[in-house]
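Here's the structure we're looking at; comments come further down.
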Amino acid sequence: MGTPNDLAVGAALTKRRDGRLWPARLDFLQSASGLFLALFLWVHLFAEASILLGKDAMYRVTMFFEGYYFFGTPYPIIITLFSLFILSIVVVHAVLAVRKIPVSYRQYRVYRDHQKLMRHEDTSLWWIQVYTGFALFFLVSVHLYTMISQPGNIGPYASADRVVSEWMWPLYVLLLLTAVVHAAVGSYRVGVKWGWLPARDPVVGRRRLKWMMRGFIVFFLLLGFTSLGAYIKIGIEHRDQVGERYVPTWLQESPPQAGPTEAMP
Ligand code: HEM
């Protein structure tokens, strides 16, 4: 048994060690939230790409996310709640990332001079993250606010109308570019930072991971821009009927109330 003095010293040491662990814990949380958001984005871009399989396919995906196949009726509130959850992860991730950004011109110069001197590609990648992350904070906020406030306005016509007639396409072009680059570069940096490399040799592992990063950027930009092109095409064709909701082909002959339509709450 230690004396009260020993116990006090022990407690103080534990507190000091815990204090030293916090930066590592916050770093881990930043990586984990970033990876989660990257995964979400990639799944999301696949879901959006359902429009490439036709309007009915995108309609089915929308109904799935609104819970129709579980509850027998669509609940757009699910989209609102899920969007709020994603927004909270974005905020946590951004707050944790802001700790690392130079806050004064002096700090900024030190970083920049270091980068020029070292010519280290990974330091340049870090700056890409700072710029794209900064832009994303504004771009994602606008998009998520739309999803939170108008969850019932998602579907082949509703989405295409938003993209074209509500002029969201310029925002989506910027959002797609910044989000895809940020997610791929961020995942590469997480792999390097925590040593999750696709090879035993770190040099080979890092090189492979960088190729994967480039591959993800090219693939998801192609997928995203092709889908965006499809929404734009539908939005232009539908310009004179803005507000009209898509009725799936299997319901087109029967009255609209016979099944779920985009217009349902
Ligand atoms: C749960 C939250 C989200 C929902 C429900 C959602 C839903 C949608 C929907 C329905 C569209 C199609 C266009 C439209 O209807 O306006 C879209 C497009 C898009 N979203 Fe999201 N989104 C969410 C979060 C995000 C986040 C966090 C990002 C980026 C980090 C993002 C990036 C994009 C991009 C880039 C497009 C354009 C699609 C493309 O180019 O293929 N979304 N989103």
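Indexing begins at 1, ligand by ligand and atom by atom, following the structure's order.
The side-chain hydrogen bond (donor to acceptor under 3.5 Å, both in side chains) contacts involving residues 36-51 comprise E48-Y231, where partners must be two or more places apart or lie in separate chains.
Taking K55 as the reference, nothing meets the salt bridge (charged side-chain N to carboxylate O under 4.0 Å, His left out) condition, with sequence neighbours excluded. Partners of E237 by salt bridge (charged side-chain N to carboxylate O under 4.0 Å, His left out), not counting sequence neighbours, listed by chain and number: K233.
Protein residues having a heavy atom under 4.0 Å from any atom of ligand 1 are F40, L41, H44, E48, I79, F82, S83, I86, V140, H143, L144, M147, I154, S159, R162, Y172, L175, L176, A179, G224, S227, L228, listed by chain and number.
Of the charged side-chain nitrogens involved, none lies within less than 4.0 Å of a carboxylate oxygen, so that R208 and D201 do not count as a salt-bridged pair.
Ring geometry for F82 against F40 counts as tilted: the plane angle lies between 30° and 60°, on a 0 to 90° scale.
Annotation: Y172 is not in aromatic contact with F225 [ring centroid separation under 6.0 Å not met].
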